[in-house]
Protein chains: 2
Amino acid sequence: MELRQLRYLVAIDEHGNLGRAAKALFVSQPALSYALKGLETELGVRLFERTPGGVVATDAGRDVVRAASEAVRRADLVAAVAARHRRDAARVLRVGFEASGAGELTRRARAEFARRHPAVRVEPKRFDWGEEAEALRDGRVDVAFVWLPADLTGLRSAVVHTEPRVVGLPIGHRLAYRAGVSVVETNDEPLMWTKRAPRRWVDWWAVNPRPDGSEPLWGPTNDNVEEMLEQVAEGAAICFAPSSMASYYARPDLVWVPLTDVEPLRVALAWPDGAGTALARGFVEVVADLTVTET
Amino acid sequence: MELRQLRYLVAIDEHGNLGRAAKALFVSQPALSYALKGLETELGVRLFERTPGGVVATDAGRDVVRAASEAVRRADLVAAVAARHRRDAARVLRVGFEASGAGELTRRARAEFARRHPAVRVEPKRFDWGEEAEALRDGRVDVAFVWLPADLTGLRSAVVHTEPRVVGLPIGHRLAYRAGVSVVETNDEPLMWTKRAPRRWVDWWAVNPRPDGSEPLWGPTNDNVEEMLEQVAEGAAICFAPSSMASYYARPDLVWVPLTDVEPLRVALAWPDGAGTALARGFVEVVADLTVTET
DNA sequence: CGCGGGTGATAAACGCGGCTTATGATCGCA
DNA sequence: TGCGATCATAAGCCGCGTTTATCACCCGCG
């Protein structure tokens with residue numbers, strides 16, 4: 001059994017058709033026919049039923065494909081781990097964050113890191129809602145500021161920052177000139193949300209259920225800050241955000257008002273479990289030092 | 001990158017020496033030299049430092065080896081999943097358990113399963129302490145009675161049986177003729193335990209800490225029932241066990257006395273998450289039916 | 001009813017790539 | 001200084017996965 005065969009298998013299952021899978025893999029159709037047959041012989045199970053319309057996975061095939069795609073993913077992780085170390089040698093550190101990240105701390109950490117490691121180039125990488133943790137796991141970044149709640153499996157992390165939440169409103173909104181609002185006062189306002197993040201993340205941000213037991217009024221969806229702010233400025237909905245967003249994404253057509261009765265946002269600094277490189281560790285140290293002295 | 005290379009990599013790391021690794025893999029030493037070099041070139045990182053005494057992993061090498069061994073394990077799982085289905089087709093179901101399993105339920109379940117699936121051969125597989133869950137995960141059995149507490153990650157399960165615990169004593173022991181004893185009355189008796197199972201399992205069985213806060217007196221270790229009973233019969237220590245063991249492992253040189261103040265043993269029926277075969281599902285159904293009617 | 005367009009399977013030939021054996025280069029140590 | 005480890009290199013072989021070309025089958029449609 002070889003990785004190549006497993007990759008073929010997954011592709012065949014995805015396309016449901018040897019010809020199209022072959023095209024996607026840039027090989028000829030007989031190559032897949034041959035590989036599939038070989039795998040079936042080796043495993044001693046029929047994996048796909050051949051039909052005139054294509055191929056369809058058998059019971060065994062479904063399970064094997066699932067296991068195979070996991071194996072392929074793990075193999076790709078090997079490459080990702082190596083790439084991280086290669087980048088380490090090249091003196092590059094990729095720091096993930098979303099929207100305003102950890103506010104002021106983000107910049108201060110970067111500045112201090114640059115002071116301690118002058119030869120290292122820091123590459124900030126912005127992600128869409130709730131994507132940082134996954135990016136960390138599959139090696140797209142070496143370290144990241146993760147907004148909680150988040151799925152931190154496979155990661156090590158430390159909470160390094162908290163900040164109150166605010167509500168974003170278009171200018172002229174009935175609540176726009178208040179010094180603070182309760183979350184229940186926004187119950188009737190359509191609220192921005194996202195399909196990208198898991199349910200738990202969305203509910204936490206939307207404060208669902210509200211203190212009075214009601215459910216938020218779900219408004220339009222969006223994938224990232226810019227899309228969200230566009231919609232809010234347009235008057236299509238309101239949004240909740242950490243207070244730092246008021247200064248990092250200041251716009252003339254938006255107003256930010258503190259939410260008086262919701263949990264603050266907690267931001268964790270996270271890095272891959274076990275696979276942390278020397279530079280990532282250095283960055284973690286910097287942030288640890290900054291947060292110790294500031295509390 | 002191919003699985004073969006990853007397997008080689010793991011072996012090289014284990015043996016710390018190309019020659020010995022080559023021997024273990026039944027290939028020549030240059031083959032490993034070649035494969036390692038190829039992988040290093042492809043990944044762009046040096047993985048092992050070559051020394052006159054052998055090879056030693058670099059920082060990057062350590063991480064890559066870890067990721068590689070995980071990938072290899074996943075690939076082996078593909079084969080295990082396939083083997084499960086092959087066995088399904090061959091009408092064989094392997095049921096894992098340890099010691100007295102789930103007592104009477106074990107036999108009843110097997111009998112009822114045989115009635116419903118006459119053509120299927122059931123193969124009971126006995127495991128050493130705490131090994132069932134792992135056996136389930138790596139495909140050595142299709143379904144198993146697991147003694148809790150246990151690590152059930154990657155498994156689906158349902159608690160199907162509970163039974164009180166008893167203490168096993170050699171005949172003539174000072175507590176041997178009691179109708180019941182408190183666990184604290186055994187505080188001064190050396191207690192059998194095992195190095196095979198995780199800490200949590202051992203502590204649960206040993207009732208550590210005891211109700212009075214003390215720690216058990218640790219006696220000899222053992223890997224399975226027979227070894228344990230030998231030691232107890234010999235007078236080297238006492239042991240804790242589920243009450244069914246009194247009837248399933250009756251010996252003239254042993255006495256079993258109920259423990260009056262400890263949690264009963266809970267036994268779960270478990271099967272691989274997602275990879276359950278038709279036969280395994282059938283067995284789960286049988287046990288579900290039996291436990292529903294008996295409660 | 002037969003033909004066209006889709007499917008996967010098979011055949012034959014090619015050539016890459018990883019294997020082997022044989023040998024070299026280096027180091028540590030007695 | 002020479003022996004016995006180590007890993008690296010060289011040269012040749014050959015298995016195996018690839019390719020192109022073709023076949024066999026099924027289905028829908030004129």
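Values below: all heavy atoms of this structure, side chains included; hydrogens, waters and symmetry mates excluded. Below, read A as the first sequence line, B as the second, and so on, with proteins coming before strands; counting in each chain starts at 1.
Listed by chain and number, the residues in a side chain to side chain donor-acceptor pair (under 3.5 Å) with B:Thr153 are B:Asp151 (sequence neighbours excluded). Applying the side chain to side chain donor-acceptor pair (under 3.5 Å) test to B:Trp129 and every residue at least two apart in sequence or in another chain returns B:Asn222. Partners of A:Phe283 by ring-ring contact (aromatic ring centres under 6.0 Å, His included), not counting sequence neighbours, listed by chain and number: A:Phe113. In this structure, the side-chain contact (heavy atoms from CB on, under 4.5 Å) partners of A:Glu230, at least two apart in sequence or on a different chain, are A:Arg251. Partners of B:Phe48 under the side-chain contact (heavy atoms from CB on, under 4.5 Å) rule, at least two apart in sequence or in another chain, are B:Leu9, B:Ile12, B:Asp13, B:Leu36, B:Arg50, B:Val55, B:Ala57, B:Val65. Evaluation of the side chain to side chain donor-acceptor pair (under 3.5 Å) rule for B:Arg140 yields B:Glu131, B:Asp138 as partners, not counting sequence neighbours.
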Please list every donor-acceptor pair under 3.5 Å in which a side-chain atom of residues 67-79 of chain B meets a protein atom from a residue at least two apart or in another chain.
| unit_1 | atom_1 | unit_2 | atom_2 | d |
| --- | --- | --- | --- | --- |
| B:Ser69 | OG | B:Arg66 | O | 3.1 |
| B:Glu70 | OE2 | B:Arg74 | NE | 3.1 |
| B:Asp76 | OD1 | B:Arg7 | NH1 | 3.0 |
| B:Asp76 | OD1 | B:Arg7 | NH2 | 3.4 |

Can you give the donor-acceptor pairs under 3.5 Å from side chains of residues 16-30 of chain B to other protein atoms, not counting sequence neighbours?
| unit_1 | atom_1 | unit_2 | atom_2 | d |
| --- | --- | --- | --- | --- |
| B:Asn17 | OD1 | B:Gly19 | N | 2.7 |
| B:Asn17 | OD1 | B:Arg20 | N | 3.0 |

Strictly under 3.5 Å: I want the nitrogen or oxygen pairs between protein and nucleotides 14-20 of chain D, one per line.
| unit_1 | atom_1 | unit_2 | atom_2 | d |
| --- | --- | --- | --- | --- |
| D:dG17 | OP2 | A:Tyr34 | OH | 2.8 |
| D:dT18 | OP1 | A:Tyr8 | OH | 2.6 |
| D:dT19 | OP2 | A:Ser28 | N | 2.8 |
| D:dT19 | OP2 | A:Ser28 | OG | 2.6 |

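The stretch residues 36-56 of chain B comes close to DNA chain C through B:Pro52, each having a heavy atom under 4.0 Å from the strand. Of all the residues in residues 10-19 of chain A, A:Asn17, A:Leu18, A:Gly19 reach under 4.0 Å from DNA chain C with at least one non-hydrogen atom.
Side-chain atoms of A:His85 and B:Asp63 form a donor-acceptor pair, as typed in the model, at a separation below 3.5 Å.
Put simply, A:Ser33 has no side-chain N or O that comes within less than 4.0 Å of OP1 or OP2 on C:dG8.
Sorted by first and then second residue, the side chain to side chain donor-acceptor pair (under 3.5 Å) pairs involving residues 110-127 of chain B (not counting sequence neighbours) are B:Glu112-B:Arg115, B:Glu112-B:Arg116, B:Arg116-B:Asp289, B:Arg121-B:Glu123, B:Arg126-B:Glu226.
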